[in-house]
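First comes the structure, then the notes that go with it.
Chain identifiers are assigned alphabetically (A, B, ...) following the order of the sequence lines, protein sequences preceding nucleic acid strands; residue numbering begins at 1 within each chain.
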Protein chains: 2
Amino acid sequence: MKSNIKLVIVDDQMLVQQGMKKLFDAHSHIEVVYQASNGIDVISWFKENKGIQVDVVLMDIQMPGMDGWETTELLTRKFPNLKIIGLSSYDNEAFIDRFLKCGGRGYLLKVQDITEIIDAIEQVVELGFYVNERVPLSKIQGFIDKKVIQNTFNTTDLTNQQIKIVQLICQEKTSQEIADILFLSKKTVESHRDKILLKTNSKNMAGIVLYAIKHQLISI
Amino acid sequence: MKSNIKLVIVDDQMLVQQGMKKLFDAHSHIEVVYQASNGIDVISWFKENKGIQVDVVLMDIQMPGMDGWETTELLTRKFPNLKIIGLSSYDNEAFIDRFLKCGGRGYLLKVQDITEIIDAIEQVVELGFYVNERVPLSKIQGFIDKKVIQNTFNTTDLTNQQIKIVQLICQEKTSQEIADILFLSKKTVESHRDKILLKTNSKNMAGIVLYAIKHQLISI
DNA sequence: AAAAAAGTAAGTGTAAACCCTTATATTGAA
DNA sequence: TTCAATATAAGGGTTTACACTTACTTTTTT
């Protein structure tokens, strides 16, 4: 087992960020070399500290501004060997898949014990990824094989136009209003709605709104 | 300032719970006497340890099972002098009001720095409540004056019937389907929908779904 | 105890949402 | 580069949702 693991922590919640730092202080083989509250700060830190060795990044996923997905995608593009573990409150398959697509090597929940997090860090250093019930080996392997990192911003199977329409539906706009905003005919908006219902497996706009929240097309 | 503050921590996210414990270890005037992951455990701990002095409880609000609101309501009923501070990721006025209604003495966000949390704990011990931008003195005073704790489960201004209908709308049920489920006429369900739209300030069911999420009438 | 307010129930009418089909443009894969 | 798949665009027809109104009942306030 690697004796001195260099770790970077990213979490917008200071409580979590500072608490984690303290927790790792009790584990001498893991050294927190940097901690940040947002994606922008980590990206610039990595730019300014290219020489510094970093083994693992613990990346919060839900953050305002540049979120954990986007940050992970940018970082893995620049540093393909960087092992980034996602940290989230949500046990949501769409979130996990999206994170792995962005180049993540594992996914942890905040409900999990610190010992599991330590395990994940050690495993990701040794094997390159962290496998558990939520993230089976097959899934990781699938993403590694495909050499993904492409189209990651398209978090859903919806087109950009459809995503815009979903967001406007969530703002309680009618098809006519959406048509006026996007310079389309009301009928075109309605045919997009049809496709959206089909793709999101919804029966009506209630389902669309819930889908938008689960896939973070809107924030609450 | 009180020299030795006895603190209880409640948070389902082990990372936060254990991290906070470590953070408080560095502040000798605050002693963590108990920590729990859920409402049930705290309630039983208080029952079994009636003699033990507890000054402040830091209570996570979003927890599975018995949440922070319910737990706070039950605890303040049994121990009216207990100072419970709410801890949440969400800066949501409906959440704050509901928490104060349940007997909470302050509301903190997880993004806030540990120093602010320490301040809150000290202030709540000295003054009995914690005031900040989100929770102005007037609001706290309002709840203290009214000697609230009543009807707290009615988190919104919706009636039970209307809440049921909202939940069914979120399950993509039509008015006819809701009528069949609740043994009402379709027309009655529709008149409830009207009232719901009015009360929730919504234009259509998209607004109702978002309201339901923000007021935790459904979980995502 | 009376008055006011709000819940429950239900009707009519209109507008919007949803369902299905067709046509063209664009993109992606063989 | 041609074929296939999908996005975009838009139509008709049906169902559902929403707006407004009335009536009776229950709850709350004075």
Side-chain angles (χ1 to χ4, degrees), chain A residues 101 145-212 217, chain B residues 101 145-212 217:
Chain A
K101 259 191 202 160
D145 289 349
K146 280 186 202 154
K147 291 191 191 71
V148 279
I149 305 166
Q150 48 160 5
N151 210 23
T152 29
F153 284 96
N154 219 6
T155 70
T156 67
D157 295 327
L158 300 177
T159 63
N160 288 337
Q161 190 78 321
Q162 288 165 352
I163 289 173
K164 270 185 216 155
I165 291 173
V166 167
Q167 289 165 339
L168 290 165
I169 289 171
C170 292
Q171 286 166 39
E172 302 183 68
K173 302 275 189 263
T174 66
S175 292
Q176 185 59 63
E177 289 168 340
I178 294 170
D180 293 343
I181 293 167
L182 299 178
F183 302 106
L184 299 170
S185 101
K186 182 188 155 195
K187 277 291 153 190
T188 301
V189 173
E190 289 191 331
S191 75
H192 280 294
R193 278 184 102 118
D194 290 351
K195 273 274 160 59
I196 293 165
L197 287 174
L198 197 71
K199 286 183 174 180
T200 62
N201 245 323
S202 302
K203 277 179 61 189
N204 59 35
M205 58 172 132
I208 295 176
V209 174
L210 289 171
Y211 178 93
L217 301 180
Chain B
K101 260 192 203 160
D145 289 350
K146 279 186 203 156
K147 292 192 190 73
V148 277
I149 306 167
Q150 48 159 7
N151 210 22
T152 28
F153 285 95
N154 220 8
T155 68
T156 66
D157 295 327
L158 300 177
T159 63
N160 288 338
Q161 190 78 321
Q162 288 164 351
I163 289 173
K164 272 184 214 156
I165 291 173
V166 167
Q167 288 164 340
L168 290 165
I169 288 171
C170 292
Q171 287 166 36
E172 303 184 67
K173 301 274 188 266
T174 66
S175 293
Q176 185 59 64
E177 289 169 339
I178 294 170
D180 294 342
I181 292 166
L182 298 179
F183 302 107
L184 299 170
S185 100
K186 181 189 156 196
K187 280 291 144 193
T188 302
V189 174
E190 288 192 329
S191 77
H192 279 295
R193 279 183 101 118
D194 289 352
K195 274 273 162 61
I196 292 165
L197 287 174
L198 197 72
K199 286 184 174 180
T200 62
N201 245 323
S202 303
K203 277 179 61 189
N204 58 36
M205 57 172 132
I208 295 176
V209 174
L210 289 170
Y211 179 92
L217 301 180

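- Here C:dA16 presents its C1' atom at 13 Å from CG of A:Leu197, a figure rounded to the nearest Å.
- One interatomic measurement links the two molecules: CG of B:Leu158 to C1' of C:dT8, which rounds to 15 Å at whole-angstrom precision.
- Taking atom NZ on B:Lys203 and atom C1' on C:dA17, their separation rounds to 14 Å, with Å as the unit.
- Atom pair A:Glu177:CD and C:dA15:P shows a separation of 14 Å (rounding to whole Å applied).
- One can place CD1 of B:Ile196 at 16 Å from C1' of D:dT16, the figure rounded to the nearest angstrom.
- No hydrogens or angles were tested; on distance alone, a donor-acceptor pair under 3.5 Å links the side chain of B:Lys187 to the base of C:dT12.
- At a threshold of 4.0 angstrom between heavy atoms, the contacts of B:Ser191 include nucleobase atoms, whether or not backbone atoms are also involved.
- Salt bridge status for B:Glu190 with B:Arg193: absent, with no side-chain N to carboxylate O gap under 4.0 Å.
- Residue contacts for A:Glu190: at a heavy-atom cut-off of 4.0 Å it reaches a base atom on one of the strands shown.
- B:Thr188 and B:Ser185 form a side-chain donor-acceptor contact under 3.5 Å, judged by distance and modelled atom types alone.
- The nearest heavy atom of DNA chain C to B:Phe183 and to B:Asn204 marks one nucleotide each, and the one closer to the 5' end goes with B:Phe183.
- Rounded to an integer number of Å, the gap from A:Ile178 CD1 to D:dA9 P is 14 Å.
- We find that CZ of A:Arg193 is positioned 17 Å from P of D:dA10, with the value rounded to whole Å.
- One interatomic measurement links the two molecules: CD of A:Glu172 to P of C:dA16, which rounds to 14 Å at whole-angstrom precision.
- Nearest-nucleotide positions on DNA chain C for B:Gln161 and B:Met205 put B:Gln161 closer to the 5' end.
- Among the heavy atoms of the strands lying under 4.0 Å from B:Lys195 is at least one base atom, whether or not backbone atoms are also near.
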